[in-house]
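The next block holds one structure in the form of structure tokens; read it before the comments.
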Amino acid sequence: MTNMKEQLYAVKQRAQEALDLATTSEELEAVRVRFAGKKGELTALLSQMGKLSPEERPVIGQIANEVRGFIDAGIRAKKAVLEQAELNRRLEKESLDVTLPGKARTVGKQHPLNKVLDEVKDAFISMGFSIASGPEVEYDYYNFEALNIPKDHPARDTQDTFYFSPEMLLRTQTSSVQVRVMEKTQPPIRVISPGRVFRIDEVDATHSPIFHQIEGLVVDKGITMAHLKGSLELICKKLFGPETKTRIRPDFFPFTEPSAEISISCFKCGGEGCKFCKNEGWIEIGGAGMVNPKVLAHCGIDPEVYSGFAFGMGLERMVMGRYGVDDIRMFYENDVRFLNMF
Ligand code: PHE
């Protein structure tokens, strides 16, 4: 019995020492298994209780309970200490300085061509126009034939065309959409159609084989040249400022009669004459005219009842003028430094 008692106190002693030495949760768990586990030292000792006399048993039992309680309490206390220490270590390692400046996200910018195009669209929509579109890969028929430019017409020479076949091409002008709209719709018609057009051209500061036009078409009863001039004036003032003057001069297009060239007073010098407008005071932004009655008839609209005007403006030209961009290539190179300027 003395032996058993001593052994129990020895276990208590060893447990205390082991607890003192444990520095991590893993080590503490090993201590628990060793002393308080199912196959631990205490259990092993108590399995010998059967050898004791009935009088001895309660005495030893009580000591055993005391030792077990001591070990359990020791483990719980140590566990709390270790967890706190581990938490502190982790907090220290993962601490972050909330006063450091953050990383700024770069936000994309709208391309200047789209920016101005959006303004153009808004301006026309506010005047009751809607937006129409047509394909870039187009039939010769819509790009030329139906616009009163037959196969051998000299006007074709001015538009160096990318052909896929004698019948298919990359559209050289958004005027093709005029035909597509009139074919499907009876007047009143009021549409604009912005889009890409293609012409064989050497790339330089003012030429690009791909550029953008904004086509406009109005067909109704009693439409005259005065409506054309008034609409253009209104739109140019809206887009380029209230002091902008608009000039139309005779020109020729097979699909309009009479035809006109549209210019606006120079953005830079206001009409005085400067390097930008080559001392002319005016900048040409497109062509226009009264829709040729032949084209109306061809599209199934009675030219005896209806008349209309059409115009086509170069988007790049307008944006270059407005922002003083002197090289058209800048628009397509996507240099962020350039795009950030707008
Ligand atoms: N499509 C013509 C061009 O590209 C411009 C234009 C459009 C002229 C509409 C008259 C009417 O030059």
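Numbers here simply count residues along the sequence, with the first being 1. Every number for a ligand or one of its atoms is a count from 1 in the order of the listing. Bear in mind that the values here come from a model prediction, so they are computed numbers and not experimental data.
Within ligand 1, counting atoms from 1 as listed, the ones closer than 4.0 Å to a heavy atom of Phe311 are 7 (C), 9 (C), 11 (C). The distance from ligand 1 to the heavy atoms of Ala288 drops below 4.0 Å at these ligand atoms: 8 (C), 10 (C), 11 (C). Annotation for ligand 1: atoms under 4.0 Å from non-hydrogen atoms of Gly312 are 6 (C), 7 (C), 9 (C). Annotation for ligand 1: atoms under 4.0 Å from non-hydrogen atoms of Arg199 are 3 (C), 4 (O). Each of the following atoms of ligand 1 lies closer than 4.0 Å to a heavy atom of Gln213: 3 (C), 4 (O). Applying the 4.0 Å criterion to heavy atoms of Gln178 picks out, from ligand 1, the atoms 9 (C).
Between Phe124 and Phe311, the ring centre distance stays below 6.0 Å.
Each of Arg32, Arg14, Arg68 was scored for a salt bridge (charged side-chain N to carboxylate O under 4.0 Å, His left out) with Glu41, with one residue passing: Arg14.
Judged purely by distance below 3.5 Å, without hydrogens or angles, the side chains of Ser208 and Asp201 never pair a donor atom with an acceptor atom.
The closest protein non-hydrogen atom to atom 2 (C) of ligand 1 is Gln173 OE1, 3.6 Å. Among protein heavy atoms, the minimum distance from atom 12 (O) of ligand 1 is reached at Phe253 CE2, 3.6 Å. When hydrogens are left out, the protein atom nearest atom 9 (C) of ligand 1 is Glu215 OE2, 3.2 Å; that is the closest non-hydrogen contact.
Checked against a 3.5 angstrom limit, the closest N/O atoms of Thr256 and ligand 1 fall outside it.
Between Tyr323 and Phe342, the ring planes are perpendicular. Angles over 60° get that label, and only those under 30° would be called parallel.
Residues Leu117 and Pro194 share a closest heavy-atom pair of CD1-CB, 3.5 Å. Taking each heavy atom of Glu215 and Ser175 in turn, the nearest pair found is OE2-OG, 2.8 Å.
In this structure, Phe309 falls outside the shell of residues with a heavy atom less than 4.0 angstrom from ligand 1.
Glu119 and Lys238 are not joined by a salt bridge, as no carboxylate oxygen comes within less than 4.0 angstrom of a charged side-chain nitrogen. Under 4.0 Å is where a charged nitrogen must lie from a carboxylate oxygen, and between Arg329 and Asp204 no such pair does.
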